[in-house]
Structures are given as structure tokens and as C-alpha cells.
Amino acid sequence: MKNDEIALKYSPQDIEDKWYNHWLKMNYFHSKPDDKEPENRYCIVMPPPNVTGVLHMGHMLNNTIQDVLVRRARMQGKNACWIPGTDHASIATEAKVVAKLKEEGIDKKDLTREEFLKHAWDWKEKHGGIILEQLKKLGASCDWERTKFTMDEDLYESVIDVFIDLYNKGLIYRGVRMVNWDPSALTAVSDEEVIHKEIQSKLYYLKYPIVGEKDAFVTIATTRPETILGDTAVCCHPDDERFAHLKGKSVIIPLVNREIPIIFDEYVDREFGTGCLKITPAHDINDYHIGIKHRLPSVDIFNDNGTINEKIELYVGKDRFDVRKEIVIDLEKSGYLEKTEDYTNKVGFSERTNAVIEPKLSLQWFLNMQDIAKPALDVVMNDRILFHPAKFKNTYRHWMENVKDWCISRQLWWGQRIPAFYTPNGDVVVAKTKEEALEKLRITNYELRIEDVKQDEDVLDTWFSSWLWPISVFDGIQNPDNKDLKYYYPTNDLVTAPEILFFWVARMIIAGLEYRHEIPFKNVYLTGIVRDKLGRKMSKSLGNSPDPLDLIKLYGADGVRVGMLLTSPAGNDLPFDESLCEQGRNFCNKIWNAMRLVNGWDVSNTIEQPEYAKVSIDWFDAKLNEQLAIIEDHFAKYRLSDALMATYKLVWDDFCSWYLEMIKPAYLQPIDSDTRLITLDFFDKLLQLLHPFMPFITEEIWHILGVDDIKIDGIDDCDDDIIVSELPKSGNFDNSLIDKFETTQQVITEIRTIRKEKNIPQKDALMLFIKKNNEQHETLFDSVIQKLCNLEKLEYISEKLENASTFIGANSAEYFIPLGNKIDKDTEKTKLLSELKQAENLLRSTQSKLSNERFVSSAPEPVIALERKKQSDAQQKINVITKQLEQLN
RNA sequence: GGGAGCUUAGCUCAGUUGGUUUAGAGCAUCUGCCUUACAAGCAGAGGGUCGGGGGUUCGACUCCCUCAGCUCCCACCA
């Protein structure tokens with residue numbers, strides 16, 4: 001393509017869809033098992049986003065990282081597979097569906113389970129997968145043919161099978177748990193849906209008369225006086241001497257007039273309140289456990305809607321808050337209220353209805369985690385699974401060592417329904433179908449009919465399906481020997497957020513070890529949270545999150561990807577700022593313009609390769625290989641931001657600012673063909689290196705600079721797309737070349753500074769005279785200095801030059817640029833004096849070290865040698881400066 | 001209340017088992033340039049007593065103690 005056909009600025013909108021469709025058409029994203037060895041296979045399973053969700057910045061970061069990893073693996077010749085999918089997210093999705101129905105005037109309570117699920121599936125069909133379509137705009141190279149959904153038939157069945165299996169192993173049981181009951185919505189809500197707020201409330205001190213002792217009381221403090229209706233004991237600390245005399249006694253509940261025992265338990269905090277606690281097992285989880293320990297009865301005082309139930313003889317049918325007011329008055333009247341104090345405590349509110357949450361005991365399904373968690377702890381502690389960054393190992397261990405049983409039932413309809421079946425008299429069996437359940441139940445009750453059998457109404461926790469994800473996407477639960485599973489499992493990398501380390505990552509490891517006897521992934525890359533400038537988490541409810549698709553429109557997908565990755569080392573939060581995307585876009589444009597430069601050259605086969613081009617090529621070749629090794633190392637350590645930054649600097653600074661300036665021919669002059677070819681080769685390698693980060697622009701430029709004779713669908717040379725090209729590998733390089741050029745760069749910078757100070761335009765040629773003061777002086781890059789600084793002459797001299805601007809380079813070489821009357825002795829002198837001061841400081845610090853006996857005797861030899869070299873360098877420099885100063889005077 | 005982590009330039013972060021410089025990078029800032037690849041740019045420059053204090057050491061951003069501030073996780077007190 002000719003330059004006059006190429007846009008002056010990179011325009012992502014024109015090419016992104018073109019290339020994405022092309023990649024899809026060529027089926028590059030699709031992977032199937034082949035005969036490659038395990039080390040040449042690469043697989044990531046995407047953390048499935050909520051099926052009805054829309055793309056937010058967190059997804060952008062997470063999926064950009066995965067795409068970088070999978071594209072790099074693909075270019076390393078691995079059979080790379082990235083499996084996408086969505087999660088049914090039972091709570092969130094059900095809430096959305098309920099809200100949508102409400103808008104239509106439909107109340108969930110008026111629907112049957114089947115009717116509701118029909119609505120939910122309709123919603124899923126309509127909105128499900130929008131998020132996956134959005135990921136395509138980002139450039140995500142997922143194997144879309146393998147897209148899964150956690151409620152797909154096979155994944156659904158896998159969950160049921162696992163439940164049955166764990167039940168049969170005796171690991172799943174039913175138990176009582178305190179749930180967060182929303183008396184307004186009449187449902188239990190999850191911990192995540194409870195908002196804790198600080199509330200100004202009161203602490204009521206109530207007097208309980210002691211049985212058999214006249215006018216003797218024990219005082220307890222409570223924030224919820226209405227719950228005395230459900231008291232079944234009063235509890236003190238066994239070592240608390242104040243209450244020692246109460247052992248074996250009992251008290252009367254005020255107003256209720258029920259006698260309850262005084263018990264002793266170390267749970268009680270002696271410092272709080274009166275040191276004496278009332279026990280209400282039905283309405284507090286701690287009280288519940290104390291109740292079990294001390295075999296106390298449990299008195300449930302509330303109806304589901306938060307009113308007092310009929311079993312309680314007082315205040316029946318009245319609301320809990322009304323009762324609180326009334327009971328305080330009644331207690332006071334009867335003389336049982338000792339005092340009230342202001343008190344601040346935290347109260348849970350329902351996120352959905354804003355009702356005060358009532359802790360309520362209920363029967364739930366649990367998974368015993370004790371034994372199955374152990375191996376999952378080991379594989380992380382012994383580094384079979386690596387966390388990036390490793391600091392999360394601590395948090396993981398802490399959790400796994402204190403693991404609690406997992407409550408896996410949820411009072412919802414959207415999800416995998418628990419395969420437990422009940423008879424009218426309360427017998428329970430676990431079975432795959434109702435028919436199977438009936439069969440089992442008939443063993444003891446052969447008269448039972450199918451309509452007598454009722455399935456559990458609850459569904460399983462969403463995580464109980466996602467913990468199987470790395471296995472179930474391959475149908476590995478139902479088909480443990482299938483080819484895909486054997487090929488791709490264990491997967492390589494998992495990219496996710498630290499917030500769900502326990503909810504999800506730990507449980508996947510547990511499931512992997514339980515069902516495959518093998519870890520599910522080898523590396524876990526933990527991303528941070530995307531925050532706004534004020535440090536707040538970006539969220540839809542705060543409205544502080546930009547729409548990722550708008551950003552892509554503005555800056556291009558590549559620009560946004562670079563922006564996301566620039567400041568997000570693994571495990572660190574990402575303080576997002578749109579200017580980061582701007583930086584990404586600017587980088588695209590820089591690469592684009594470098595392409596326009598290289599693409600626009602006329603080539604000559606007759607002119608010889610200039611000396612400056614030869615050395616420049618040697619230098620850049622060394623630099624490239626040096627940086628390739630560094631970038632490979634960054635990737636090996638999962639330091640993606642560092643890898644990107646190293647690439648960024650290699651392209652922008654080393655290639656564009658130095659190399660291209662060094663080799664580019666004068667205006668309208670042709671370039672020799674050798675230099676052009678090698679430059680194109682460098683460019684290709686850089687594009688390949690950039691491709692995982694910036695897939696679109698690199699594919700476009702790859703084709704513009706590539707051979708352009710074959711065209712398919714208007715696209716050049718289809719067999720040779722960068723996405724499937726072979727990534728360059730680091731090779732040997734001459735390190736001394738890099739060092740030598742570094743001193744050259746310093747010389748060039750000094751000359752540019754002089755030009756700037758003296759206001760000499762670049763087009764005015766200068767003369768440079770150099771006085772070597774050391775045999776080590778390097779002349780290799782003189783031709784480059786001459787070219788970049790526009791020197792008409794570069795000459796070595798043995799005597800100092802007057803009326804020249806001077807500076808001192810490496811090895812104390814003196815550089816002179818004759819400027820005639822432009823020289824101002826005073827400024828030259830100040831310059832020299834400040835350099836002298838620096839050199840003297842260095843000399844002093846080295847001398848003090850070297851004169852220290854103990855330093856010389858205990859420091860290792862190389863350290864001392866270095867110090868000696870610093871000393872002699874400083875000394876030499878001081879001598880040179882001193883002489884120059886003498887001449888100025 | 002328990003646990004983990006963090007504190008280096010205006011911002012975001014590197015700094016590997018203490019000794020490669022006079023502690024680095026990107027962005028931002030300042031100065032000069034519309035120099036025919038690129039003003040979404042070029043060239044140059046400035047900026048840090050490495051949170052405070054103490055200790056170990058010939059030598060500390062790096063190791064130990066202590067104080068202060070911030071963050072996250074878990075559990076929540078009637």
C-alpha cells in the first residue's frame with residue numbers, strides 16, 4: 001500500500017471489525033486436541049460473568065489479561081484454547097427477573113415455580129450473552145464454539161451428580177443455620193445482600209427476679225427487649241465471682257413469668273453490660289449454639305412477617321418494633337427496667353426492601369469442608385499451584401485452616417434444584433429423579449405414591465456449580481474419560497479477582513482434587529479492583545464507571561487494552577483514569593507513524609549501506625535481544641504491566657526515537673535495500689511482540705508492510721497473519737555494544753543541550769573536536785553522532801580548543817564545539833564548577849569508604865574494585881576540569 | 001476483636017538473597033521547537049533526607065524493634 005492511501009492518523013474504527021471477522025473466519029480461535037505434548041498446550045477457562053450482566057471495567061481488565069496470555073501462547077506455537085461462558089448467578093439474576101416482572105405488574109408470589117422459570121429463561125435468552133458479544137469488541141480471542149453456560153443441560157446435571165455423590169459420601173448433610181430473614185420480602189437473603197448500618201439505639205438494663213430470693217435480681221443488658229419472650233436461660237461467665245452465688249439457681253422472665261435457669265459459659269464477655277447475658281436460642285446464632293451445648297429449649301417468637309406468633313401469649317400479632325416500644329413501657333411500669341443507655345450498634349438491612357433483617361433459624365443443606373479442604377491447602381502451600389502475587393498464599397492458608405462448612409442451599413428458584421425428596425412424614429432421600437426417589441423410599445414405605453413425594457424447593461448456591469467450571473466445561477463430571485478433558489485439564493492460568501479467592505478459587509481446587517485427583521490450573525493471576533480517581537470501586541450503582549464500549553469507540557480497543565494494563569501489576573488495584581487510554585491511543589499512533597515512515601521510503605539497490613546504518617543495526621539487534629530476554633522474564637513472572645512497559649519503551653524510545661532517526665535517509669533520498677530489509681524485519685518482530693497487547697493495529701500494519709500481491713476478501717496474504725505467526729525469541733547479544741551506545745547517547749544529548757542553550761537550529765551544521773584522555777575511548781558510533789547532531793566535522797585533537805563550548809564525557813574525554821563569539825566564559829565556568837562539585841563529592845564518598853579499614857577487610861573484592869574504579873574515574877575527571885578552569889581564567 | 005499487607009518523585013509503581021552508580025520508570029510538570037513519519041509529536045530540564053524514631057552492620061530502601069498512617073480479609077458483643 002502506498003503512503004498516500006494511508007491515513008495520517010491511526011483510525012481504529014476502520015479496521016477492528018475487519019480483523020476480528022477475519023480471525024473468526026480463519027477459525028484461529030478454535031482449538032481441538034491434537035498430538036502436542038502437554039507443555040505445548042495452553043488453556044484458560046474464563047471466569048464466567050453473570051449471564052445477564054453487561055461489560056464493566058473489571059471485566060475489561062480481567063479479559064484483557066487473559067487475551068494477552070492466550071495470544072502470546074498461540075504465537076509461541078502452543079495449541080491455545082480460551083473457553084468462554086456465562087454464569088447463571090442465581091441471586092443476582094433472580095433479583096433482576098423479579099424486578100422486571102414487578103415493572104410489568106407481576107408479583108413473583110403469584111407465579112408457580114414453572115411459570116417463574118419460564119420468565120427467567122426468556123430473560124436469559126434475551127439478555128444472556130450480550131456481555132460475550134461485548135468482549136468481541138475488546139478483541140477477546142475465545143474459542144466461541146466452546147461457549148458454556150452453568151445451566152446448560154450437561155453442566156446442570158454435573159452439579160446434581162456431584163451433589164448426590166457428596167451426599168452418598170456422607171459429606172452433605174442438613175443442619176440448622178441462622179439465615180438473614182427479610183420479613184418484608186418473606187425470603188432469606190445472602191450475607192452479601194445485607195447492608196450493615198450504624199444505628200443510634202438503646203441498651204436496656206432489665207431485672208430478672210431470682211427464684212427463691214426475695215427482692216433479689218440479676219440485671220442483663222439488651223438492645224432487643226422484645227426477645228425476652230423467647231428467653232430460655234440467663235448466662236454468666238463461670239469465673240465471674242459476682243455471679244458465683246447464683247450457681248444452680250433460676251430466674252423469672254419479667255412479664256412472661258416463665259422460670260429459666262442460670263447457666264455458666266465462657267462465651268460471656270465479663271466486661272460488657274452487666275456481665276450477664278440472656279439466651280434466646282431461636283433468634284441469635286451464638287445463643288443457638290449455647291442452647292445446644294446446655295440443652296436449652298428454643299422458643300421461636302416471630303411469624304415470618306416479623307409479628308409475634310400465637311404460641312407466645314403476649315403481644316400476639318403485633319409487629320416486632322411496636323412490641324419493643326410497648327414492652328419497654330410495660331417493663332418500666334412493672335419496675336423491671338433498671339435504666340436505659342444510648343448505644344451505637346450495627347444493624348443489618350435488606351438491600352432489596354430496606355427492612356431490618358431478622359436472624360432466623362432454618363434448616364439448610366451443608367457440605368462438610370473439613371477433610372476435602374486439606375489437600376487443597378497443600379497444593380497451594382507446596383507451590384504446585386502458584387499465586388501471582390504470592391502474598392495471597394497467606395490469606396488462602398488462613399482461610400483454609402479455619403474453613404467452615406459450606407451452606408449450599410438457597411431459597412430461590414433460578415438455579416440447580418436440590419435433588420432431595422421428602423415424604424409427607426418427613427423422610428428424605430437424595431436421588432437424581434423423583435422416580436428414583438420413589439423407588440428408594442418404597443423400600444421402607446411400599447405404599448408411597450409418586451404424588452406423595454415432594455422435591456426440595458430450594459436451589460444450590462451458584463458457587464456450587466461454578467466450583468466445577470474447569471471440569472464441567474469439558475463435561476468432565478459425566479464423561480470423565482473424554483478426549484477434551486484429558487487434553488486440556490489441568491488448565492494453565494486462571495485470571496480472577498482476590499475477592500473471590502475463597503468463594504471460587506479455593507473451591508475449584510477442592511473440586512478438582514476431589515473429582516480429577518489433579519489441580520484445576522497451575523497459575524492463579526489475581527487482578528486488582530478498578531477504582532476511580534477518588535479511590536472508589538467502580539460500580540454501576542455509584543455511576544462512576546465509564547462504559548467500556550464508549551472508551552473503545554473513543555480510543556480504540558488497542559488503546560483501551562494498553563490503558564488498562566499500563567498501571568496494573570498483579571494484585572494491585574487499578575486507579576483508572578481515561579488519560580491512560582489516551583496514552584494507549586497515542587502509542588498506537590506512534591506505531592502507526594513509524595509505519596508510515598518506513599513504508600514511504602524509496603529503495604535503492606545501488607547505493608552502499610552507510611557506516612552509521614551498519615553500527616545502528618548492530619546496536620538495535622543487541623538491544624532487541626536484551627529486551628526480549630527481559631520481557632520473557634516478566635511474562636514468566638506474570639508481570640504483565642512490566643512486560644508491556646518494557647515493550648513500550650523498546651518501541652517508542654529505542655526503535656522510534658533512536659534507531660529510526662539513526663538510519664533514516666535524508667529527505668527524499670532513497671534508502672539502501674539492506675538497511676530497509678533489516679528494518680522491516682525489526683519492525684515485524686516488534687509488531688509480534690506487541691500483538692498480544694494490541695492485536696488490531698499490529699495485524700493491520702503487519703499486512704501493510706507485508707507482501708501485498710495476494711488478496712483474499714481485500715485482505716493481503718491470508719496465510720501469514722500475525723496472530724498465528726511465531727513470536728521472536730531472545731538470542732545472544734553483545735552487551736558491550738549496548739554499553740558503548742549508552743555513552744554515545746550521552747554525548748548526543750550533551751550536544752543537543754548545547755544547541756538548545758545557544759539557540760542553534762538543527763539545520764545549522766556544527767563541528768565537534770574530541771580530546772581523548774584515556775585509551776578506552778570508543779569511536780564505534782562516531783558516524784551516528786555525526787549524523788544525529790548534524791556535524792560537518794568530527795575530529796580528534798590533542799590540545800584543548802578555545803572559544804568552544806565543552807563538556808566531559810565517559811573516560812574523561814573532552815568535547816569541544818567551537819562557537820566563536822557565542823561562548824560566554826561565565827556560563828561555561830558555572831557549568832564546569834557544578835561538574836567539579838559532583839566529581840568531588842563522588843571522590844570524597846569513595847575515599848571515605850576506601851580509607852575505612854573494616855570496609856577494605858570485610859567487603860567482597862568486586863565491591864572494593866568498583867569503589868577503586870569510581871575513585872580513579874572521579875580523580876581523572878577532577879584533573880580535567882581543573883585544567884579547563886585554569887584556561888578559562 | 002483476630003489475621004494479612006502496604007507506606008520510595010505531584011500521581012501510579014519497580015527496586016530480586018544488604019554493597020553496579022550520586023535510588024529508577026511511566027505519566028504529569030517546566031523550557032524550547034509546527035525540524036516533510038508523528039503537536040495524539042520532537043528535543044531538553046527540574047523533581048525524592050526511600051512514613052517517623054531506634055538498633056544490627058565496614059555498609060540499610062533492603063534485616064530487627066518501635067511509633068504513626070492507610071488498605072484488605074475474617075468474625076462480630078448482647
Side-chain angles (χ1 to χ4, degrees), chain A residues 3 6 8-10 196 203 220-224 227 235 267-269 271-274 276-280 284-287 343 345-346 389 391-395 397-399 402 404 498-499 501-502 529 533 535 555 559 566-569 571-575 577 579-580 582-601 637 639 641-642 644-646 648-649 652 656-657 660-661 664 667-668 749-750 752-757 759 761-763 790 838-839 841-842 845-846 849 852-860 862-864 866-867 869-870 873-874:
Chain A
N3 255 8
I6 295 173
L8 287 169
K9 286 194 162 127
Y10 172 57
H196 290 274
L203 200 53
I220 59 96
T222 179
T223 51
R224 299 199 56 191
T227 60
C235 187
Y267 165 75
V268 177
D269 176 358
E271 306 301 315
F272 191 87
T274 61
C276 190
L277 172 68
K278 70 188 205 61
I279 304 292
T280 322
D284 182 288
I285 188 66
N286 298 307
D287 290 11
Y343 184 67
N345 65 341
K346 276 187 186 167
K391 65 177 179 186
F392 287 106
K393 272 169 81 176
N394 279 332
T395 345
R397 187 185 58 211
H398 186 249
W399 192 75
N402 298 290
K404 300 212 170 70
E499 304 151 36
L501 194 60
F502 310 131
I529 296 166
K533 282 182 203 169
Y555 303 104
L566 270 174
T567 57
S568 55
N572 277 46
D573 285 359
L574 191 158
D577 191 320
S579 67
L580 290 166
E582 212 174 299
Q583 195 184 345
R585 179 202 58 184
N586 294 355
F587 186 40
C588 289
N589 208 40
K590 185 70 191 177
I591 301 167
W592 187 255
N593 277 296
M595 176 273 288
R596 288 181 54 240
L597 172 68
V598 172
N599 195 52
W601 285 331
K637 291 173 178 153
R639 302 168 69 141
S641 287
D642 291 336
L644 172 58
M645 186 47 74
Y648 179 92
K649 286 194 280 188
W652 198 313
C656 293
S657 296
L660 288 178
E661 293 299 331
K664 87 176 179 192
Y667 182 54
L668 291 181
T749 299
E750 288 280 6
R752 283 170 173 169
T753 309
I754 289 171
R755 269 190 189 277
K756 195 191 167 200
E757 277 168 1
N759 230 330
Q762 175 72 14
K763 56 177 178 265
N790 189 17
Q838 268 187 23
N841 284 343
L842 184 59
S845 88
T846 57
K849 274 189 191 173
N852 185 335
E853 267 308 310
R854 303 175 73 180
F855 172 74
V856 182
S857 57
S858 17
V863 176
I864 298 170
L866 184 78
E867 217 55 38
K869 165 114 175 54
K870 270 158 72 179
D873 284 356

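Below, chains carry the letters A, B, ... as their sequence lines are ordered, and counting in each starts from 1. For the numbers below, each heavy atom of this structure counts, side chains included, while hydrogens, waters and symmetry mates do not.
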When every nucleotide of nucleotides 70-75 of chain B is labelled 5' to 3' by its protein contacts under 4.0 Å (heavy atoms), B for base, S for sugar-phosphate only, - for none, what sequence of letters results? ---S-S
One character per nucleotide, please: for nucleotides 43-50 of chain B, 5' to 3', B when the base has a protein heavy atom closer than 4.0 Å, S when only the sugar-phosphate does, - otherwise. SB------
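The same atom, C1', is picked in B/G48 and in B/G24; the two are 11 Å apart, to the nearest Å. Nucleotides B/A14 and B/A9 have their C1' atoms positioned 13 Å apart, rounded to a whole Å.
A/Asn852 has no side-chain polar atom (N or O) that falls below the 4.0 Å cut-off from OP1 or OP2 of B/G59. Proximity of A/Lys9 to the phosphate of B/G41: no side-chain N or O atom is located under 4.0 Å from OP1 or OP2. Contact between the side-chain N/O atoms of A/Asn286 and the OP1/OP2 oxygens of B/A78 is not found at any separation under 4.0 Å. Distances shown here put every side-chain N or O of A/Tyr10 at or beyond 4.0 Å from the OP1 or OP2 atom of B/C38. A close approach under 4.0 Å does not occur between any side-chain nitrogen or oxygen of A/Trp592 and OP1 or OP2 of B/G41.
The residue among A/Ser858 and A/Met595 whose nearest nucleotide of RNA chain B lies closer to the 5′ end is A/Met595. Taking the nucleotide of RNA chain B with the nearest heavy atom to each of A/Thr846 and A/Asp642, the more 5' of the two is matched to A/Asp642.
Under the salt bridge (charged side-chain N to carboxylate O under 4.0 Å, His left out) criterion, A/Lys9 pairs with no residue, sequence neighbours left out.
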side-chain hydrogen bond (donor to acceptor under 3.5 Å, both in side chains) assessment of A/Lys870 paired with A/Ser845: CA-CA 10 Å; A/Lys870 270 158 72 179; A/Ser845 88; 5.6 Å; no
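Under the Watson-Crick or G-U wobble criterion, with both distances below 3.5 Å, B/U31 is paired with B/A43.
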